**Q** 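Dropping a structure here in structure tokens format, bear with me for questions.
Remember, it's 1-based here, ligands and their atoms both numbered in the order they're listed. Given the structure is predicted, the values throughout are model-derived calculations rather than measurements.
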Amino acid sequence: MIDVLVIGTGEYVTGLSGSKTTASDKDLGVVALCLFDLRFRGLLDRIILCGRDPKRKADITNHVQNGIGSKFTDLDIRFDYYPATGDHPDSAAYRKAILDLKPGSAVIIVTPDDSHFEIACAALEHGHHILVAKPLVKTVSEHQRLISLAEKHGLLGMVEFHKRYDPIYRDAVNRAASLGNFGYMFSFMSQPKSQLTTFRDWAGTASDISYYLNSHHIDILCQILTDRYKPVTVHASCSSGEGRRVVGRPIDDTITLSVKWQGLRADSLAHSIHTASWTAPCSDAHSQQRFLYLGAGGQIEVDQARRGYSLSTDADGFRNINPLFMNYIPRDGRFVGQDGYGYRSIETFIQLVLELGENKTTLPSIRASGLPTLEDTLATTAILQAGNQSLATGLPTIVEY
Ligand SMILES: NC(=O)c1ccc[n+]([C@@H]2O[C@H](COP(=O)([O-])OP(=O)(O)OC[C@H]3O[C@@H](n4cnc5c(N)ncnc54)[C@H](O)[C@@H]3O)[C@@H](O)[C@H]2O)c1
């Protein structure tokens, strides 16, 4: 068994966001619930959650008890909390929490994007394996620094790209590799503007919607094209106006990255277009998410919002639902969501950390296994960074990594 520290206690961890009026599809969060179940299965010992506000523990405890404890009555939902004492918020409380762990523990970082780098460095320097919410960091130089630190200390670093565990996306990645030369990809992903209140603290300042949502499909495409194509330039465009009304400051509503790709073996060029928005209207699914991949020998289309599985209720009307991500419906008071790709993403990291505790020699093979490790996700960061620079200048930007 190992101990796990989660830094960040917001929507993705507990389902509790800064906003009281948020419309989230993850009221129970993802990370904490998965960890409670992994502890129930005997894989984990201590679970530590770390935020910034010492007074927040009571709110989190109540929220976890009302949401998770009351539904999944077999789960032990206790956790230690940092900052444990004090009257004022402490953004550096994670440093004390990291010192509270035995070397070789698991640290999961789920704070706003621009804080990932500093926190990840601290965790690696103290000898812990890391899983970082996507996007890992905002620049290639930070990404490369984390790869070096993980290699220097013999540690595992992963990015929580949970779509890599979606069975349909996994299948599409495998099939795409056999469709010959790459020609074109289009991807679209959105969230309703009502959810922008959840990210009010950092949306448009610490990060943007391209880092937040385009990262998913760009990672999938980079996975398909590994060792075959490299991104060459990115030209970005954006829209604004709606988000400003929600967060009260200038913010890009919708961002499109247009990426040019160069074949590494064949003399071939290709391009892809990735659009992400956090000002979409309410629709039949919380998040629209789809892509089209065009290869020389075939084409793949995935519509992840509409899988032919809908639910109509008096409370919410008609909805297309996604049963593959997280399953929050208990069966006889038990959590039965172990097959969800949200769960599998957390579980895979914890299993690997346990494995490394037994035998560190497996680290090189894990790094080369096609999982979303630090080493395997650099091209994604390079495209997102070039997109960010292109937004600032209005010009096409060379992808460098
Ligand atoms: N919400 C999702 O569905 C989702 C899904 C995948 C990835 N993510 C990623 O997870 C990260 C967090 O997103 P979220 O949705 O939970 O946001 P959120 O705004 O709901 O929560 C962020 C949390 O981080 C905490 N925090 C900020 N600085 C901190 C520090 N120095 N030390 C400790 N805690 C600190 C805040 O107090 C807050 O609790 C982002 O990188 C986001 O891209 C979110």
**Q** State, yes or no, whether a side-chain contact exists between Leu131 and Ile109 at a heavy-atom distance under 4.5 Å.
**A**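 No. Closest side-chain heavy atoms not under 4.5 Å.
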**Q** Looking at Lys163, Arg164, Lys134, which hits salt bridge (Lys or Arg N to Asp or Glu O under 4.0 Å) with Asp219?
**A**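 The residue from Lys163, Arg164, Lys134 that satisfies salt bridge (Lys or Arg N to Asp or Glu O under 4.0 Å) with Asp219 turns out to be Arg164.
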**Q** Measuring from the heavy atoms of Thr9, does anything fall under 4.0 Å of ligand 1?
**A**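 The answer is yes: ligand 1 sits under 4.0 Å from a heavy atom of Thr9.
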**Q** Do the numbers put Lys26 on top of the ring of Phe325, so that NZ or CZ is under 6.0 Å from the six-membered ring centre and no more than 45° off the axis?
**A**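 Here Lys26 fails the 6.0 Å and 45° test against Phe325.
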**Q** Heavy-atom contacts under 4.0 Å between Ser207 and ligand 1: side chain, backbone, both, or neither?
**A**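 It is neither part, as no heavy atom is under 4.0 Å.
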**Q** Going by the closest heavy atom to atom 17 (O) of ligand 1, which one wins out of Tyr212, Phe325, Trp202?
**A**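 Looking at heavy atoms only, the winner is Trp202.
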**Q** Just jot down the ligand 1 atoms closer than 4.0 angstrom to any heavy atom of Cys50, in number order.
**A**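 Near Cys50, the atoms of ligand 1 are 33 (C), 34 (N).
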**Q** Apply side-chain hydrogen bond (donor to acceptor under 3.5 Å, both in side chains) to residues Tyr343 and Asp37 and explain how you reach the verdict.
**A** CA-CA 10 Å; Tyr343 185 97; Asp37 188 66; 2.6 Å; yes
**Q** Which word best sums up how the rings of Tyr169 and Phe291 line up, parallel for under 30°, tilted for 30 to 60°, or perpendicular for over 60°?
**A**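 Aromatic pair Tyr169/Phe291 classed perpendicular.
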**Q** Considering non-hydrogen atoms of the protein only, which is the closest contact for atom 37 (O) of ligand 1, and what is the distance?
**A**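 Going atom by atom, the protein heavy atom closest to atom 37 (O) of ligand 1 ends up being Arg52 NH2, 3.2 Å.
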**Q** Tell me: protein heavy atom nearest atom 6 (C) of ligand 1, and distance?
**A**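 Of every protein heavy atom, Lys134 CE, 3.6 Å lies nearest to atom 6 (C) of ligand 1.
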**Q** I need the contact type for Ile7 against ligand 1. Using non-hydrogen atoms and a strict under-4.0 Å cut-off, is it side chain, backbone, both or neither?
**A**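 Side chain only; the backbone of Ile7 stays clear of ligand 1.
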**Q** I need the atoms of ligand 1 closer than 4.0 Å to a non-hydrogen atom of Val110, numbered in the order shown.
**A**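 Counting atoms of ligand 1 from 1, those under 4.0 Å from Val110 are 10 (O), 11 (C), 12 (C), 24 (O).
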**Q** Whether the Asp114 and Tyr211 side chains hold a donor-acceptor pair (N or O, under 3.5 Å, no angle test) is what I'd like checked.
**A**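 The answer is no; no qualifying pair exists.
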**Q** Give the ring-plane orientation class for Trp202 versus Phe199, where under 30° counts as parallel, over 60° as perpendicular and anything between as tilted.
**A**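 Aromatic pair Trp202/Phe199 classed tilted.
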**Q** Is the closest side-chain heavy-atom distance between Phe117 and Leu146 below 4.5 Å?
**A**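 SC-SC contact between Phe117 and Leu146 confirmed.
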**Q** Decide whether an N or O pair under 3.5 Å exists between Gly10 and ligand 1.
**A**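 Yes; at least one N/O pair falls below 3.5 Å.
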**Q** Between Arg95 and Glu118, does any side-chain N to carboxylate O distance fall below 4.0 Å?
**A**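 Judged by the 4.0 Å cut-off on N to carboxylate O distance, Arg95 and Glu118 do form a salt bridge.
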**Q** Are any non-hydrogen side-chain atoms of Asp376 and Leu371 less than 4.5 angstrom apart?
**A**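 With C-beta onward as the side chain, the pair stays apart.
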**Q** Is there any N or O on Thr111 that sits under 3.5 Å from an N or O of ligand 1?
**A**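 Thr111 vs ligand 1: N/O contact under 3.5 Å present.
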**Q** For atom 41 (O) of ligand 1, which protein heavy atom lies nearest, and how many Å away is it?
**A**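 Going by distance alone, atom 41 (O) of ligand 1 is nearest to Asp113 OD1, 2.5 Å.
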**Q** At a non-hydrogen distance cut-off of under 4.0 Å, which region of Tyr211 contacts ligand 1 (side chain, backbone, both, or neither)?
**A**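 For Tyr211, no heavy atom sits under 4.0 Å from ligand 1.
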**Q** Does the N or O separation between Glu160 and ligand 1 drop below 3.5 Å for any pair?
**A**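 No - when backbone and side-chain N and O of Glu160 are compared with those of ligand 1, no distance drops under 3.5 Å.
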**Q** Of all the non-hydrogen atoms in the protein, which one sits nearest to atom 25 (C) of ligand 1, and at what distance?
**A**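 Going atom by atom, the protein heavy atom closest to atom 25 (C) of ligand 1 ends up being Gly8 CA, 4.0 Å.
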**Q** So which of Tyr82, Tyr12, Phe199 gets nearest to atom 16 (O) of ligand 1, if we judge by its closest heavy atom?
**A**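 Looking at heavy atoms only, the winner is Tyr12.
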**Q** Does His116 have a non-hydrogen atom less than 4.0 Å from ligand 1?
**A**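 The answer is yes, since His116 has a heavy atom less than 4.0 Å from ligand 1.
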**Q** Out of all atoms in ligand 1, which are within 4.0 Å of some heavy atom of Lys26? Include the element for each.
**A**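 Every atom of ligand 1 under 4.0 Å from some heavy atom of Lys26: 2 (C), 3 (O).
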**Q** Who's the nearest protein heavy-atom neighbour of atom 31 (N) of ligand 1, and how far?
**A**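 Among all protein heavy atoms, the one nearest atom 31 (N) of ligand 1 is Ser91 O, 3.0 Å.
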**Q** When only distance counts, is Glu11 in polar contact with ligand 1, meaning an N/O pair under 3.5 Å?
**A**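 For ligand 1, there is an N or O atom that lies under 3.5 Å from one belonging to Glu11.
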**Q** Among all protein heavy atoms in this structure, tell me which lies nearest to atom 27 (C) of ligand 1, with the distance rounded to 0.1 Å.
**A**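 Of the protein heavy atoms, Pro112 CD, 3.3 Å lies nearest.
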**Q** Would you mind checking if Arg319 and Asp284 are paired as a salt bridge, meaning a charged N to carboxylate O distance below 4.0 Å?
**A**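 Salt bridge between Asp284 and Arg319, a charged N being under 4.0 Å from a carboxylate O: no.
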**Q** Assign the ring pair Trp261 / Phe182 to parallel, tilted or perpendicular, where the plane angle (0 to 90°) is split at 30° and 60°.
**A**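 Taking Phe182 first and then Trp261, their aromatic rings stand perpendicular (interplane angle over 60°).
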